[in-house]
Engineer: 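Have a look at this one.
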Amino acid sequence: MKDWAIERGATHFTHLFQPMTGLTAEKHDSFISPTGDGKAIVEFSGKELVQGEPDASSFPSGGLRATFEARGYTAWDPTSPAFILESPNGATLVIPTAFLSWTGEALDKKVPLLRSMEALSKQALRVLRLFGNKSAKRVITTCGVEQEYFLIDRNYHLLRPDLLNAGRSVFGASPPKGQELEDQYFGTIPERVIAYMADCEAQLYKLGVPVKTRHNEVAPSQYEIAPIFEDSNLATDHNMLVMEVLRNTAASYGLACYFHEKPFAGINGSGKHNNFSMGTDTGENLLNPGDNPHDNAQFLVFCVAVIRAVAKYPELLRVTVASAHNDHRLGANEAPPAIMSIFLGDMLQDIMEQVEKGPATSTIQGGTMEIGVSVLPKFPKDAGDRNRTSPFAFTGNKFEFRAVGGSQSVAGPNTVLNTIVAESLDFVATTLEAAVAAGKDLNKAIQDLLSSILKESKKVLFNGDGYSEEWHKEAANRGLPNHRNTVDSLPVIVRKDTAELFGKYKVYTEKELESRFNILCEGYVKTISVEAKLTAFMGRNQILPAAIRYQGQVAEAVNATKAAGVEPAGSLELLKNLAATVGEFTKAIHHLEHELGHEAAGTVHDHAKYFRDKVRLAMNAVRVLGDKLETLVADDVWPLPTYREMLFIK
């Protein structure tokens, strides 16, 4: 590995790991070691490859490690290929690793993901053996991550303390034109942006990331990149690389890149659609329905197992996408609601209804579509529509989990998905094994089992409009949970049944779950705190001085007009409006600063509740008035780049 790296210009190596910050971390060491005679040699030991020793106390541990308990380990993950990362002045051998504490607990997102993949593989193989499959040795969960992001001119980025420090704008009046005309989606990619995309793709190909798709997204200045499906662990590593390359390359093109779920209010934010499937090591996709899904018993078993998992553990799925950032998106008519439901489409929904009542006997066919234009041929029509309002939609040969946020790691969602599907497959395998052992016909046992599961789990199946208020009411009647914000969703992590589930499949220990709960609570508080401090700072030090300065100019104009013997009706009305708004704005900032002075009391969850109920609302009140001032103050006096500039100057 050393020779391979040095031949390609590498002078250093690093263990790349994914701490609970949601980002990646690395420490570079040189291959060069001094010798006793004043010279140096290039060396790389097996120990250095397999194990590293970073400082574990400086990363979020949620109570697993104290500040004085600093030892941690990185452990080589040979299932994720090492790669060479080039820079202008050299190259580095990058070794993907897991991150563990000295006492053995997982301090990262990779270890639980790998554990969950093992758990699912073990249970899925039991099901496959019932169908006579003796050749598969492993079942792999696959993932395809559609990554959305924003690009704006870097000069604007540097003039906005909020974008620079929080990744989102805490002030900004709606522009005259947003996304109302729907002219951005799939539109022509601007020249500077296409050059940037091509550069990023070239770098990602060199790193082994199989990116395939690029296009304009719905919001102005929003774009998307998507790869080909991969093993979930590798897909997670590669998605972190995608974000790194996109972020780092932007400056070379005079751009700034944002993955924040809602960098600009009033337009669509960024998600990260997580396309989930299962396949054998022999190449069989277990969620591929084939031409006649009603006859494909194996597909029906695996598909129904996923349905059961989502129906039984919706709160666990919800908490995997919980963050202060993603609270801006979920349920906002741009992303799915926080209610976990499954869209199957007309064809599969019909088959599941048949299975519930008795053996399925038919499959709805799509047929062909007549366009009515002689030069265009007939083309095949799918048997079902798509539904972008569903958080968990079946899309041909996979399920698309659409609620994941743009800045999040997909490791957490896939860890939970793997675990809850493993539990469902365990239930299916145990039931069928017992039935066969008792002499029951396998096909009859499958029909009886799937029918009973669907009767119990069909409450989660919904093909309609997830944005509608009617669905929220219907979901409540069905007994589906609806945790509308992060703080409400977090307690499920430390529930007894959650610990039992993850403990049974050896994915998380109870201590590891408690640490995640603490980290997410603290992360919520810190995120809102940073945004609120930025709001108060920008309001008091940038917006307020500009508004007062302009108010003075208007007052001078009023006096000058009066002195000229003319009644200044229009400017006087503006002055009164300015003075009143400035007064309200000053009071709102003072109130926000007062709320920020709150001392932590009670549990970490209590502290998170306070920031949700008090600080966040006080911050929003300041923003409303600040955005109003933007519409009143003269453009040449306003101190910040505006939405109408940032989002439309390419």
Side-chain angles (χ1 to χ4, degrees), residues 144-158 160 163 167-169 172-206 209-228 239 242-273 275 329 332-335 369 371 373 375-377 379 385-386 388-389 395 400 402 406-407 641-650:
V145 186
E146 303 170 34
Q147 177 69 60
E148 296 173 348
Y149 61 97
F150 279 85
L151 294 172
I152 70 163
D153 191 281
R154 184 170 173 79
N155 292 319
Y156 292 142
H157 167 77
L158 297 174
R160 295 279 314 213
L163 290 173
R168 86 170 180 99
S169 51
S174 296
K177 175 183 179 292
Q179 61 190 54
E180 301 89 346
L181 299 180
E182 299 169 334
D183 54 347
Q184 162 76 6
Y185 194 41
F186 283 10
T188 303
I189 302 172
E191 186 175 343
R192 176 163 53 152
V193 174
I194 196 73
Y196 160 79
M197 287 177 166
D199 190 344
C200 290
E201 288 170 359
Q203 294 179 58
L204 290 167
Y205 291 147
K206 292 174 76 173
V209 182
V211 291
K212 182 175 178 64
T213 303
R214 65 188 183 204
H215 62 82
N216 282 8
E217 252 300 332
V218 171
S221 291
Q222 188 185 31
Y223 308 94
E224 181 177 298
I225 184 172
I228 299 170
N239 181 246
V242 166
M243 291 197 291
E244 190 90 4
V245 169
L246 288 172
R247 188 185 294 113
N248 292 341
T249 306
S252 300
Y253 292 83
L255 297 168
C257 180
Y258 306 106
F259 302 109
H260 192 289
E261 284 73 2
K262 196 75 167 179
F264 304 100
I267 60 172
N268 279 15
S270 292
K272 183 179 291 187
H273 298 170
N275 293 280
R329 282 180 66 245
N333 285 11
E334 62 178 77
M369 182 178 288
I371 304 172
V373 180
V375 296
L376 296 178
F379 65 91
D385 206 344
R386 295 184 65 189
R388 66 184 299 273
T389 72
T395 53
E400 183 179 24
R402 299 174 56 88
S407 68
T642 62
Y643 279 17
R644 70 178 185 277
E645 296 163 328
M646 292 188 292
L647 291 171
F648 294 97
I649 295 179
K650 309 291 187 181

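When reading the values below, keep in mind they use all heavy atoms of this one structure, side chains included, and skip hydrogens, waters and symmetry mates.
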Engineer: Given side chains that start at C-beta, do those of M197 and I189 come closer than 4.5 Å, heavy atoms only?
Structural biologist: yes
Engineer: Once you round to the nearest 0.5 Å, how far does OG1 of T395 lie from CD of E400?
Structural biologist: 5.0 Å
Engineer: Using atom types as modelled and distance alone, determine if a side-chain donor or acceptor of Q147 lies under 3.5 Å from a backbone N or O of G406.
Structural biologist: yes
Engineer: Nearest heavy-atom pair of S270 and R329: which atoms, and what distance?
Structural biologist: O-CD, 3.3 Å
Engineer: Just how far is it from atom CZ of R154 to atom CG of L255, taken to the nearest 0.5 Å?
Structural biologist: 9.5 Å
Engineer: May I have the step-by-step check of side-chain contact (heavy atoms from CB on, under 4.5 Å) for I267 and F150, ending in yes or no?
Structural biologist: CA-CA 12 Å; I267 60 172; F150 279 85; 3.9 Å; yes
Engineer: Any idea which heavy atoms bring N239 and V145 closest together, and the distance?
Structural biologist: ND2-CG1, 3.4 Å
Engineer: Using modelled atom types only, decide if a donor and an acceptor are shared between the side chain of R160 and the backbone of P641 within a distance under 3.5 Å.
Structural biologist: yes
Engineer: Give me the atom names and distance for the closest heavy-atom approach of N216 to T188.
Structural biologist: ND2-O, 3.4 Å
Engineer: What I want to find out is whether R214 reaches E224 closely enough, with some N-O distance under 4.0 Å, to be called a salt bridge.
Structural biologist: no
Engineer: Less than 4.5 Å apart, side chain to side chain, heavy atoms only: is that true for M646 and T642?
Structural biologist: no
Engineer: Is the shortest heavy-atom distance from the side chain of E217 to the side chain of F186 under 4.5 Å?
Structural biologist: no
Engineer: Treating S407 as the side-chain partner and H260 as the backbone partner, does any N or O pair qualify as donor plus acceptor under 3.5 Å?
Structural biologist: no
Engineer: Kindly state whether the ring of Y149 and the ring of Y258 have centres lying under 6.0 angstrom apart.
Structural biologist: no
Engineer: Which distance, rounded to the nearest 0.5 Å, do you find between the CZ of R644 and the CD1 of I649?
Structural biologist: 9.5 Å
Engineer: Sequence neighbours left out, what passes salt bridge (charged side-chain N to carboxylate O under 4.0 Å, His left out) with E334? Give chain and number order.
Structural biologist: K262
Engineer: Evaluate the ring planes of Y185 and H215, with Trp represented by its six-membered ring, and classify them as parallel (under 30°), tilted (30 to 60°) or perpendicular (over 60°).
Structural biologist: perpendicular
Engineer: Go through the steps to decide whether E146 and K272 satisfy the test salt bridge (charged side-chain N to carboxylate O under 4.0 Å, His left out), and finish with yes or no.
Structural biologist: CA-CA 5 Å; E146 303 170 34; K272 183 179 291 187; over 6 Å; no
Engineer: Going by the angle between their ring planes, with limits at 30° and 60°, are Y196 and Y253 parallel, tilted or perpendicular?
Structural biologist: perpendicular
Engineer: Strictly distance-based, threshold 3.5 Å: is any side-chain N or O of R192 a donor or acceptor partner for the main-chain N or O of G254?
Structural biologist: yes
Engineer: Could you measure the distance from the CG atom of L246 to the OH atom of Y223? Nearest 0.5 Å is fine.
Structural biologist: 12.5 Å
Engineer: Check side chain to side chain contact (heavy atoms under 4.5 Å, CB included) between K212 and all other residues, then give those that pass, not counting sequence neighbours.
Structural biologist: I228
Engineer: Would you name the heavy atoms of F648 and G178 that are closest together and state the gap between them?
Structural biologist: CZ-O, 3.7 Å
Engineer: Looking at K206, I'd like to know if its NZ atom is crowded, meaning that more than 12 non-hydrogen atoms belonging to other residues, nucleotides or ligands lie closer than 6.0 Å.
Structural biologist: no
Engineer: For A265 and S169, work out which heavy atoms get closest and say how close.
Structural biologist: N-OG, 4.5 Å
Engineer: Begin from the C-alpha positions of Q222 and N268 and carry the test side chain to side chain donor-acceptor pair (under 3.5 Å) through to its verdict.
Structural biologist: CA-CA 9 Å; Q222 188 185 31; N268 279 15; 5.4 Å; no
Engineer: Give, for atom CD1 of I225 and atom CG of L204, the distance between the pair rounded to the nearest 0.5 Å.
Structural biologist: 5.5 Å
Engineer: Do any N or O atoms from the side chain of R168 and from the backbone of E261 form a donor-acceptor pair under 3.5 angstrom?
Structural biologist: no
Engineer: Check this for me: E180, atom CD, are more than 12 non-hydrogen atoms of other residues, nucleotides or ligands nearer than 6.0 Å?
Structural biologist: yes
Engineer: Can you sort out the partners of D199 under salt bridge (charged side-chain N to carboxylate O under 4.0 Å, His left out), two or more places apart, ordered by chain and number?
Structural biologist: none
Engineer: List the steps, then state whether side chain to side chain donor-acceptor pair (under 3.5 Å) holds for T249 with Q203.
Structural biologist: CA-CA 9 Å; T249 306; Q203 294 179 58; 3.0 Å; yes
Engineer: Identify the heavy atoms of Q184 and S221 that sit nearest to each other, and give their distance.
Structural biologist: NE2-N, 3.6 Å
